[in-house]
Amino acid sequence: MTLDLFEDATPPPWRETIAPGAVVLHGFVHEQGAELLAAVQSVVAEVPWRHMTTPGGYTMSVAMSWCGHGWNSDNHGYRYTQRNPRNGHPWPPIPAILMALVEEAAQQAGFARFVPDACLMNRYDVGSKLSLHQDKDEHDFGAPIVSVSLGLPAVFQFGGLQRGDPAQRIPLAHGDVVVWGGPARLRFHGILPIKAGSHSLVGPHRINITLRKAL
Ligand code: MD3
Ligand code: FE
């Protein structure tokens, strides 16, 4: 008899509530990695990855791209933008595959009829991190944020409503989708530095896609 260490593990997709309002759908898009990556690349062809400068003057280790609405930071803070300042054109639309999966994921997490208007994409290289922050530039905190993780694994830091509150550490893997809403919507969160590695599809990177109702 072979000893199967995983015989008792629940196969994905597996839904886990990690806090009120925060639901992990483990492996929810595991089989769609290649299609999702192609959708990311189609957006990046129009909106190249860029390292933004924080309002405090630091260059982020994470590179960003976006669609639906855009994202900008200056010394006044962050804000969403409806047009590309380089050419006056609207930002590219959110790819259909993302609109479809986000509706399904939000519904499974208990948020019916979530229709995002903005999609921010983060590309992490080995060593990239995202410091603890709140997402509070959206106009409607009643809407959840849906996040999709692709590529290298990460450790997500999930804090409280105050910056100094203790943070849980939650591993996120390729194919995981997380829905963050209700009482979790304004909790501090971040990503610890990405460990060295290479993913078969994504290479030495992690890509996170967040779908939001921004405006
Ligand atoms: C919890 N991105 O883009 S996604 C961000 O993995 C961001 O790239 C991280 O934080 C990443 O702003 C985390 C998960 C996430 C997104 C928004 C949240 C978790 C959240 C808002 C409230 C609470
Ligand atoms: Fe965030």
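All ligand and atom numbering here is 1-based and tracks the order in the structure. Bear in mind the structure is a predicted one, so any value in this text is a computation, not a measurement. Counting from 1, the numbers follow the sequence of the chain as shown.
A donor-acceptor contact shorter than 3.5 Å links the side chain of His133 to the backbone of Ser131. In this structure, Asp176 contributes its side chain and Gly27 its backbone to a donor-acceptor pair below 3.5 Å. At least one donor-acceptor pair under 3.5 Å links the side chain of Ser128 to the backbone N or O of Ser61. A donor-acceptor pair under 3.5 Å is absent between the side-chain atoms of Ser147 and the main chain of Ile209, judged by distance alone.
For the atom pair CG of Leu37 and NE2 of His205, the computed distance is 10.0 Å after rounding to the nearest 0.5 Å. The NE2 atom of His30 lies 14.5 Å from the CG atom of Leu25; values are rounded to the nearest 0.5 Å.
The protein non-hydrogen atom at the shortest distance from atom 7 (C) of ligand 1 is Leu130 CD2, 3.5 Å. Atom 4 (S) of ligand 1 has Asn208 OD1, 3.4 Å as its closest protein atom, hydrogens excluded (heavy atom only). Of the protein's non-hydrogen atoms, the one nearest atom 2 (N) of ligand 1 is Asn122 ND2, 3.5 Å. Looking only at protein heavy atoms, the nearest one to atom 13 (C) of ligand 1 is Phe156 CE1, 3.7 Å.
Taking the six-membered ring where tryptophan is involved, the planes of Phe158 and Trp180 are perpendicular, since the angle between them exceeds 60° and thus also 30°.
With distances taken over non-hydrogen atoms, the option nearest atom 11 (C) of ligand 1 out of Phe158, Phe141, Tyr124, Trp180 is Tyr124.
Applying the side chain to side chain donor-acceptor pair (under 3.5 Å) test between Thr81 and each of Trp66, Trp91, Trp71 identifies Trp91 as the sole match.
An N or O contact shorter than 3.5 Å is missing between Arg185 and ligand 1 by distance. In terms of polar-atom proximity, His189 is counted as a contact of ligand 1, with an N or O under 3.5 Å from an N or O of the ligand.
Within Asp135, OD1 is the N, O or S atom that lies nearest to the Fe ion (ligand 2).
The atoms of ligand 1 that sit less than 4.0 Å from any heavy atom of Arg212 are 3 (O), 5 (C), 12 (O). The ligand atoms of ligand 1 that sit less than 4.0 angstrom from a heavy atom of Ser147 are 4 (S), 14 (C). Of all atoms in ligand 1, listed by their number and element, those nearer than 4.0 Å to a heavy atom of Ala184 are 22 (C), 23 (C).
At least one heavy atom of Asp135 sits under 4.0 Å from some atom of ligand 1.
Under the salt bridge (Lys or Arg N to Asp or Glu O under 4.0 Å) criterion, Asp125 pairs with Arg123, not counting sequence neighbours. Qualifying salt bridge (Lys or Arg N to Asp or Glu O under 4.0 Å) partners for Glu138, counting only residues two or more places apart in sequence or in other chains: Arg185, Arg212.
With a 4.0 Å cut-off on non-hydrogen atoms, His133 touches ligand 1 through its side chain and not its backbone. Contact annotation: for Leu120 versus ligand 1, there are no heavy atoms closer than 4.0 Å. Only side-chain heavy atoms of Arg206 come within less than 4.0 Å of ligand 1; its backbone N, CA, C and O stay farther off.
Here the angle at the Fe ion (ligand 2) defined by NE2 in His133 and NE2 in His189 stands at 90°, rounded to 10 degrees.
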